[in-house]
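Here is the structure we will look at, set down as structure tokens.
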Protein chains: 2
Amino acid sequence: MPETWVDRPRSGDGPLYRQVREALLREIAQGRHPVTEPLPSEQKLAARFGVAQGTVRRALDEMARENLVIRHQGRGTFVHAHGPDRDRFHFFHLLAADGERRLPTSRVLSMTQRRVTQTEALALSLSPQARVVEIKRVRDLMARRAILELIILPDDLFPGLGDLNKTQLPNTLYQLYQDRFAVIVHRAVEKITAEAAGPDDVTHLGLDRGAPLLRIERIAQTLDGTPVELRISRCDTTHLAYFSDLL
Amino acid sequence: MPETWVDRPRSGDGPLYRQVREALLREIAQGRHPVTEPLPSEQKLAARFGVAQGTVRRALDEMARENLVIRHQGRGTFVHAHGPDRDRFHFFHLLAADGERRLPTSRVLSMTQRRVTQTEALALSLSPQARVVEIKRVRDLMARRAILELIILPDDLFPGLGDLNKTQLPNTLYQLYQDRFAVIVHRAVEKITAEAAGPDDVTHLGLDRGAPLLRIERIAQTLDGTPVELRISRCDTTHLAYFSDLL
DNA sequence: AACACAAAGTCTTCTATAAGAGTTATAAGA
DNA sequence: TCTTATAACTCTTATAGAAGACTTTGTGTT
């Protein structure tokens, strides 16, 4: 046996290139293929799967389009991770008033560990007894308080996170998830509503009581669809807007 | 000369398949290739452009991914237009409270013709003297007043629209734009903010004065990026939510 | 001997072409 | 109605050269 052959595309599942795609997806989801080193070359993968190189290529191209892997000519194909290369705005859809996309800064208000609530358990598909870490922070955009954020993380996916000092949290959390806990956020679903400012919003965002604000409820997922983060952002949209491109 | 040969891919512009793509895009934007009949077959296009069939295929595949054309095995490739085939929810991102995607019904309040305002002219890149048609309507979702919509259309793109009776307007306007005026909306950009309900919202949506609502400002564009519609939707989000998938 | 730099070689992805087998839809004919 | 033919797209494989990135080797200098 030339290699450990864990995942062969099953026969009769549809197009070959899609079977290859699924096999690769499973491998990546299982955590083989560290983000620091390239996947096996197209040739190698083709040999492993017993298909032509072009078929592997088609699978990889499709995955690259979905931002699951990133391909560098001459270097190889890598699992698409968070880092300097990646588009930082992919998961940040707030636009400053001047129409420019800017990254916010963050100040952590609190970080606590506790039992999950019922709605949280539902959103993250956790058991009612599960424990979570709750992070609360204020984010500034263009030196103006703009976002009040509540982040809920399953404790079992992020062991030891609750013990960190709140000053140790970086601005870009997804980078942290990836580097410290090998959790890679690949996609997210957001539900957006309008709400009236409550006491918390008044104190931390400086809004008037009852002022309209944008509520963004995000569930971030890994490659295989496992929800790993629930994030509720409350935004003062007097100087910014959420944007969405319908292509 | 075998055909009218308007657009040849220029030499040295980058990958061949992309030159073909651009050439086809120009053709479609110019309004050749009616939506009712297929584009020339891959073979024909390959012959026209002097490239291999696989190269044309790659260009078309890319365009199909971007929802610019739609491919039917055995029938041909068509300009992707609005109609029964097309995903009706592509341009409607509101989610009912139960999590289901439903289409709203519409009741037109008014339809008037007037001079463009300054902000409208900016958004639609019109001259300050241009005339527009303004449509105002209320949309119900699950038999509940949910959206107050203001639609601004450049008069020169939609000649004679202002003369229509307001009862003649269909629920799905993009279908009308396409069938009556040969204007195909291919993409849209939305900016979303939270606002307080004003007098209009109170009367038409039954909201309390100052209640928070979701404001969606959409600019719809044709293939070549020409803005053709400005639409401002004011939504009561007590029973629905805007959703966005970050893939 | 140690270092700097250029050339050569190798690995990888990217582009282009070609060809054959399979699937789907439409139209013509029995 | 059923069958057949045809046209079109789909899938897979194969090959070959171009282009980018990295490593090794060779050369010359210090």
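A note on names: the letters A, B, ... follow the listed sequences, proteins ahead of strands, and every chain is numbered from 1. If you're wondering where the values come from, they're calculated on a predicted model, not measured in any experiment.
As rounded to whole Å, 13 Å separates atom C1' of dT15(C) from atom CD of E62(B). Between the CG atom of D61(A) and the P atom of dA16(C) there is a distance of 13 Å, given to the nearest Å. Atom CZ in F78(A) sits roughly 10 Å away from atom C1' in dA21(D) (whole-Å rounding). When rounded to the nearest whole Å, the span between CD of Q53(B) and C1' of dA7(D) equals 13 Å. Rounded to whole Å, the distance from CE on M63(A) to C1' on dT13(C) is 16 Å. Rounding to whole angstrom units, CG of residue L16(B) and P of dA19(D) are separated by 13 Å. When rounded to the nearest whole Å, the span between CZ of R75(B) and P of dA27(C) equals 10 Å. The nearest whole Å value for the distance from the CG atom in L39(A) to the C1' atom in dT13(C) is 13 Å.
R86(A) places no side-chain N or O within 3.5 Å of a backbone atom of P84(A) that could act as its donor or acceptor partner.
Distances shorter than 4.0 Å separate none of the side-chain N or O atoms of T77(A) from OP1 or OP2 on dT12(C). The side chain of R58(A) contributes an N or O atom lying less than 4.0 Å from OP1 or OP2 of dC11(D). Between K44(A) and dT12(C) there is a side-chain N or O to OP1 or OP2 distance below 4.0 Å. Contact between the side-chain N/O atoms of R57(B) and the OP1/OP2 oxygens of dT10(D) is found at a separation under 4.0 Å. Between R71(A) and dC14(C) there is a side-chain N or O to OP1 or OP2 distance below 4.0 Å. For dT13(D), the OP1/OP2 oxygens have a side-chain nitrogen or oxygen of T55(A) closer than 4.0 Å.
Residue order along DNA chain D, read from the 5' end via each residue's closest nucleotide, puts Y17(A) first among Y17(A) and H72(A).
Residue L25(A) comes nearest to M63(A) through the heavy atom pair CD1-CE, 3.3 Å, listed as atom of the first residue, atom of the second, then distance.
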For this session: In sequence, state the C-alpha distance, the side-chain angles, and the governing distance for L223(A) and E66(A), and then conclude on side chain to side chain contact (heavy atoms under 4.5 Å, CB included).
Result: CA-CA 11 Å; L223(A) 191 75; E66(A) 302 172 48; over 6 Å; no
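Within the 4.0 angstrom heavy-atom criterion, no nucleotide atom of any strand lies near Q43(B).
Salt bridge E149(B)/R218(B): absent, no basic N to carboxylate O contact under 4.0 Å.
Between H82(A) and F91(A), the ring planes are tilted. Angles from 30° to 60° get that label.
Looking at Q73(A), its side chain comes within 3.5 Å of the base of dA19(D) through a donor and an acceptor atom.
Of the nucleotides present, dC2(D) is the one that pairs with dG29(C) by Watson-Crick or G-U wobble criteria, both distances under 3.5 Å.
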